[in-house]
Amino acid sequence: MKNIVIIGNGIAGITAARHIRKRSDHHITVISSETEHFFSRTALMYIYMGHMNFENTKPYEDWFWKKNRIELLKAHVEHVKTTDKTITLSTGATLGYDILIIATGSKSNKFGWSGQDLKGVQGLYSFQDLEEMEANTKDVKRAVIVGGGLIGVEMAEMLLSRKIEVTFLVRENSFWSNVLPRQEAELISKHLQVHHVDLKTSAELEKILPDDNGKVKGVITKNGEQIDCQFVGLTVGVSPNIDFLKDSDIEIKRGVLVNEFLETNIPDVYAIGDCVERTYELPGRRNIEQVWYTGRMMGEVVAQSICDTKTKYEPGPWFNSAKFFDIEYQTYGNVGNELKPNEEEFYWEHQGGKKAIHFVWDKNSKQFLGVNVFGIRLRHEKFDAWLREKRSIEFVLHNLSSANFDPEFFDRYENEIVSDFEKKVLAIKSAVV
Amino acid sequence: MRSLRSIGLFLFLFSFFLFLGLFFMSEYTLTEEIFKSKVKVEHQESLQPAMAELFDQTYNTSYAFVNAVSGVIDQVNAEFRQAQQWDKVIYDDYVASLTKASTTGMVVDHTTLLFFLVFGIGLIGALLFILPKAKLEPAGIKNNGIFHDALNSRGWIGILIGTVLIGFYIMIYFYDAYIMNWIILVAPLKHWIYPQGESSQWFLYGFLYTFAVLVMGGRMIVKYRHSKYQIFRTISVMFFQLAFAFLIPEIMVRLNQPYFDFKNMWPLDYDFFDAWHINMLTSGGGLGIFMFAWGITLFVVGVPVFVYFFGKRWYCSWVCGCGGLAETAGDPFRHLSDKSVKAWKVERWLIHAVLVFAVIMTVGVLYNFITGTSTIFGLDTYTYLRKPYGFMIGSIFSGVVGTGFYPLMGNRVWCRFGCPLAAYLGFIQRFKSRFRITTNGGQCISCGNCSTYCEMGIDVRWYAQRGQNIIRSSCVGCGVCSSVCPRGVLNLEVKDEKGRFGQPVLLGNNHISLPEIKAVN
Ligand SMILES: Cc1cc2nc3c(=O)[nH]c(=O)nc-3n(C[C@H](O)[C@H](O)[C@H](O)COP(=O)(O)OP(=O)(O)OC[C@H]3O[C@@H](n4cnc5c(N)ncnc54)[C@H](O)[C@@H]3O)c2cc1C
Ligand code: SF4
Ligand code: SF4
């Protein structure tokens with residue numbers, strides 16, 4: 001029986017703990033300074049909006065941990081000393097381990113703007129951020145959100161649910177266009193405007209202005225525009241939360257460096273989830289993958305490696321999902337914001353402007369590479385199989401209806417999509433031939 | 001648009017408080033004439049001396065009047081009992097009929113006008129409040145503020161409404177004479193549907209129930225207007241409540257046929273096999289016999305066949321009256337259900353206990369019917385089975401707790417913990433059905449919306465986050481978990497039974513094998 005210590009009780013750390021417990025009798029301790037129990041970070045917005053309370057965001061009831069002999073410790077880890085296999089807590093106490101799993105997640109980025117530490121200026125990552133946001137947005141009339149990513153749009157939705165007007169500063173020329181292709185970025189931009197988000201594209205933050213009490217009173221953009229506001233949300237991405245490792249022997253760059261077995265440079269020390277930076281490439285994936293699913297998969301892998309057989313982190317084809325106000329988004333495979341030279345695409349949009357689908361495939365082999373879909377639900381299982389089996393774009397389109405995952409009675413668009421595809425793509429083909 | 005909503009709310013509250021106010025707005029004067037016309041000749045003699053003291057006295061509240069009248073009857077009966085003159089004891093319920101006949105004042109004089117003021121204005125107000133929502137905000141899930149709201153989250157409004165509902169149910173079931181003003185209020189409608197009929201507390205109840213299902217059904221449709229599943233389902237329960245539960249039975253009676261709700265069935269309809277009911281149907285001619293056969297076919301053949309092909313939802317969230325109210329008027333409270341494993345344990349014990357009770361009771365009454373006796377193993381079935389069931393299950397559990405506790409415990413307390421038919425439907429759904437809720441690969445982010453809004457208290461997320469399909473006997477297939485899921489993870493499907501329980505391995509990493517995953521215990 002080994003003594004396993006996991007730092008971080010997010011999806012990565014908790015998945016590892018649960019699966020280690022399923023497979024073994026090791027002694028497991030999970031440490032976190034955020035909350036006593038695991039909660040779903042992805043649901044933070046729903047607490048603020050009143051869709052749920054904090055209790056509802058806990059995936060397991062509080063008795064679960066004791067019953068499964070997973071020890072929880074609410075404390076902050078200050079140092080890791082790998083030479084004698086101990087960690088030091090902020091209380092001064094030290095704790096030994098046989099195996100250490102680092103799963104400390106991310107923290108919000110700040111880029112050294114003047115005024116970024118004023119009262120009323122914040123990011124959104126932790127439960128404490130949420131509490132702060134609750135306090136900071138009392139009696140606020142207008143808020144400015146800086147940075148057009150997923151957390152930014154969630155913050156916009158949160159604020160609007162409290163009738164706070166939102167100005168959204170986006171550096172690119174439409175929403176999230178460093179990830180989404182132009183068509184989708186425009187579709188979402190329009191939808192944000194339907195929801196009365198004041199979207200300012202090609203707008204960058206210059207500085208944040210204080211009032212006499214050290215509170216934010218407005219921002220100035222690089223174009224010199226001043227916007228009065230009482231709250232500023234900084235949602236310009238997140239980065240690995242690993243400052244406490246700087247004085248340790250564990251190798252870090254932007255994140256904790258790991259090989260394909262999620263091992264760090266130090267034996268018996270693993271890292272999983274948001275805080276990881278892979279030292280090797282995986283096709284279609286960045287080296288730092290800050291998504292829920294990655295944390296989960298890495299947790300499963302590390303548990304299997306520790307308890308049974310050494311297993312590589314080999315996530316299948318990329319998938320992800322999000323929701324932009326009322327529009328659900330799913331993606332399978334890879335659809336970049338710009339076509340690569342070897343790629344071809346087909347984009348279909350429903351006239352209502354709330355549904356769209358975007359396919360990308362290889363020009364020469366016709367191999368299907370990825371799909372972005374909005375307002376229609378698609379079956380993960382099908383697309384996962386098609387991507388693994390390297391199916392052709394024609395095959396995917398012909399079998400599209402078998403991958404539909406919308407509820408019964410919903411309008412179906414496969415016929416429209418396929419005939420549009422035939423009109424646009426095949427017609428061009430024959431013209432060229 | 002916003003001001004329309006405010007006007008609507010104002011009108012609705014006006015009619016609601018007018019309705020509540022009508023409770024107090026009559027006077028009650030018993031006269032000799034009324035007494036003679038309502039009380040059977042054989043009882044007049046024994047009651048008259050004591051009752052005469054009340055003649056021509058005016059009472060200001062139904063409470064005082066009812067107490068006075070029943071006081072007299074109780075006193076007379078007590079004397080008979082004392083004298084051991086058992087045959088003279090009066091069992092007829094005169095209180096309600098005397099109260100109705102003795103009621104005077106505004107409610108009696110302007111019944112039709114008040115009916116329109118309460119229900120007409122109420123309807124207009126409710127619609128003005130509900131419909132503009134469709135224009136005010138884009139379609140989609142908008143559960144904003146539900147957990148901050150004094151009505152939805154057991155705040156003071158919720159507690160108040162719960163108290164009013166509980167009080168109302170207690171009066172409907174046990175003290176109908178107190179609410180005579182309301183019974184009189186709906187009399188014009190009763191006469192319009194069935195001119196010879198008398199309005200009763202049951203007609204009042206049926207009408208209010210239907211009114212609530214229709215108005216709140218409208219709200220449900222506006223709220224979920226982006227989901228055809230929710231729209232069709234809501235129209236279906238509205239239709240079945242209006243036509244099958246409310247109008248057709250009344251029309252049947254008008255046509256001199258037995259009162260019959262074609263969509264209700266044993267064991268929810270727990271007195272279906274009571275001798276009086278069988279006799280009523282079978283003596284009602286060809287149609288009556290058809291009704292009897294229909295009622296049996298529905299639960300013997302209809303339930304297994306339909307549950308096999310569609311799941312329990314065909315009944316619970318498309319047809320049933322209790323379900324209909326829960327899915328319309330109860331929707332604002334669906335998140336109040338208890339999701340703990342403990343509650344699930346209680347649920348399984350309780351609902352199956354009620355089913356067993358219903359079966360035993362039915363065996364008893366059928367035995368009585370066939371043998372023409374009124375006892376089984378020497379025990380009187382009325383005293384030991386029918387009466388306790390009717391009181392505890394039929395009235396207290398399904399009515400007072402089942403509906404009165406909407407704002408406190410959620411909208412499906414009865415369906416989840418008590419309904420014997422749900423237990424039976426659920427049993428088939430669990431073991432022999434094509435229905436399941438499919439989990440979409442590895443897309444779940446464990447946010448918890450699905451579990452929160454599951455009115456049956458199913459911890460949907462527990463399954464979804466491990467990639468498992470959701471197959472639970474209690475799932476009524478309302479589809480709300482699927483609607484509220486922000487990642488498109490859940491889908492109600494009917495498919496081949498093979499692979500129904502789903503692979504417990506999430507889509508994702510290669511070469512991951514998971515030890516067998518067991519359900520929560
Ligand atoms: C608002 C929001 C919405 C999101 N929505 C989505 C989504 O829809 N889909 C998606 O895929 N991803 C989403 N994400 C990203 C996703 O939540 C993260 O990728 C995921 O939670 C990372 O999990 P993790 O276990 O690696 O780390 P975390 O969940 O960050 O957990 C790490 C824990 O470790 C603790 N910790 C860190 N350092 C220490 C220390 N030194 N001592 C003690 N404890 C420490 C932290 O306090 C934290 O509790 C969202 C993120 C946010 C903030
Ligand atoms: S609502 Fe959807 S994403 Fe959220 S926990 Fe349920 S299934 Fe998972
Ligand atoms: S599991 Fe879903 S469909 Fe079933 S009762 Fe709960 S919310 Fe409704």
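No hydrogens, no waters, no symmetry mates; every other heavy atom, side chains included, goes into these values. A note on names: the letters A, B, ... follow the listed sequences, proteins ahead of strands, and every chain is numbered from 1.
- At a threshold of 4.5 Å between non-hydrogen side-chain atoms, the residues P138(B) and K354(A) count as touching.
- Side-chain atoms of R461(B) come within 3.5 Å of backbone N or O of K58(A) as a donor-acceptor pair.
- For H196(A), no part lies under 4.5 angstrom from a heavy atom of chain B.
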Going through the checks in order, is the side chain to side chain contact (heavy atoms under 4.5 Å, CB included) test met by F405(A) and V489(B)?
CA-CA 9 Å; F405(A) 200 68; V489(B) 175; 5.8 Å; no

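- Residues T42(A) and I445(B) share a closest heavy-atom pair of OG1-O, 3.0 Å.
- Residue contact with chain B, scored on non-hydrogen atoms closer than 4.5 Å, involves the backbone of D406(A) exclusively.
- If you measure heavy-atom distances from S446(B) to chain A, the contacts under 4.5 Å come from both the backbone and the side chain.
- Between chain B and the options K382(A), M298(A), M297(A), the largest number of non-hydrogen pairs under 4.5 Å is found for M297(A).
- The residue among P315(A), P59(A), P317(A) with the most heavy atom pairs within less than 4.5 Å of chain B is P59(A).
- Per-residue counts of heavy-atom pairs under 4.5 Å with chain A were compared for V494(B), L492(B), D459(B); the largest is that of L492(B).
- In this structure, no portion of R41(A) lies under 4.5 Å from any heavy atom of chain B.
- Side-chain atoms of N491(B) and R377(A), non-hydrogen and from C-beta on, never get closer than 4.5 Å to each other.
- For the pair K142(B)/D326(A), a side-chain contact is recorded, criterion being any heavy-atom separation below 4.5 Å from C-beta on.
- Going from atom CD of E381(A) over to atom OG1 of T438(B) covers 9.0 Å, rounded to the nearest 0.5 Å.
- In terms of non-hydrogen atom pairs under 4.5 Å with chain B, the most contact-rich of Y332(A), Y329(A), F325(A), F39(A) is Y332(A).
- The part of L378(A) that comes within reach of chain B is its backbone (N, CA, C, O), which places non-hydrogen atoms under 4.5 angstrom from that chain.
- Distance check, rounded to the nearest 0.5 Å: CD of E55(A) to OG of S340(B) gives 11.5 Å.
- Only the side chain of D384(A) comes within less than 4.5 Å of a heavy atom of chain B; its backbone N, CA, C and O stay farther away.
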One pair to check against side chain to side chain contact (heavy atoms under 4.5 Å, CB included): F409(A) and S227(B). What are the steps and the verdict?
CA-CA 8 Å; F409(A) 309 120; S227(B) 167; over 6 Å; no

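- Taking 4.5 Å as the heavy-atom cut-off, none of the residues of residues 8-16 of chain A approach chain B.
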Show, in sequence, the C-alpha distance, side-chain angles and deciding distance for Q465(B) and Y60(A), and conclude whether the side chain to side chain contact (heavy atoms under 4.5 Å, CB included) test is met.
CA-CA 11 Å; Q465(B) 67 190 356; Y60(A) 303 92; 3.4 Å; yes

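- Neither the backbone nor the side chain of S153(B) comes within contact range of chain A; no heavy atoms are under 4.5 Å apart.
- The most heavy-atom pairs under 4.5 Å with chain A, out of G441(B), G442(B), G140(B), C485(B), come from G442(B).
- Within the 4.5 angstrom heavy-atom criterion, atoms from both the backbone and the side chain of S161(A) approach chain B.
- Annotation for Q443(B) and N320(A): closest pair NE2-O, 3.4 Å, computed over non-hydrogen atoms.
- For R487(B), the parts sitting under 4.5 Å from any heavy atom of chain A are the backbone and the side chain alike.
- In terms of non-hydrogen atom pairs under 4.5 Å with chain A, the most contact-rich of V484(B), D149(B), L490(B) is L490(B).
- Between E61(A) and W462(B) the shortest side-chain heavy-atom distance does not fall below 4.5 Å.
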Donor-acceptor pairs under 3.5 angstrom involving side-chain atoms of residues 43-52 of chain A: please list them, not counting sequence neighbours.
residue : atom : partner : partner atom : Å
Y48(A)  : OH   : T137(A) : OG1          : 2.8
H51(A)  : NE2  : N144(B) : N            : 3.3
H51(A)  : NE2  : N144(B) : OD1          : 2.7

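- Heavy-atom distances place the side chain of F232(B), and not its backbone, under 4.5 Å from chain A.
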Let's go through Q330(A) and N440(B) carefully: what are the C-alpha distance in whole Å and the side-chain angles of both, what is the deciding distance for side chain to side chain contact (heavy atoms under 4.5 Å, CB included) to 0.1 Å, and is it a yes or a no?
CA-CA 11 Å; Q330(A) 295 181 336; N440(B) 197 9; 3.7 Å; yes

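- Residues that satisfy the ring pair (Phe, Tyr, Trp, His ring centres under 6.0 Å) test with Y125(A), not counting sequence neighbours, are absent from this structure.
- Put simply, the residue from K228(B), R233(B), R313(B) that forms a salt bridge (Lys or Arg N to Asp or Glu O under 4.0 Å) with E408(A) is R313(B).
- Residue N449(B) touches chain A through both its backbone and its side chain, counting heavy-atom pairs closer than 4.5 Å.
- The side chain to side chain donor-acceptor pair (under 3.5 Å) search around K342(B) returns none, not counting sequence neighbours.
- For the set T294(A), V194(A), V301(A), the entry with the most heavy-atom pairs within less than 4.5 Å of chain B is V301(A).
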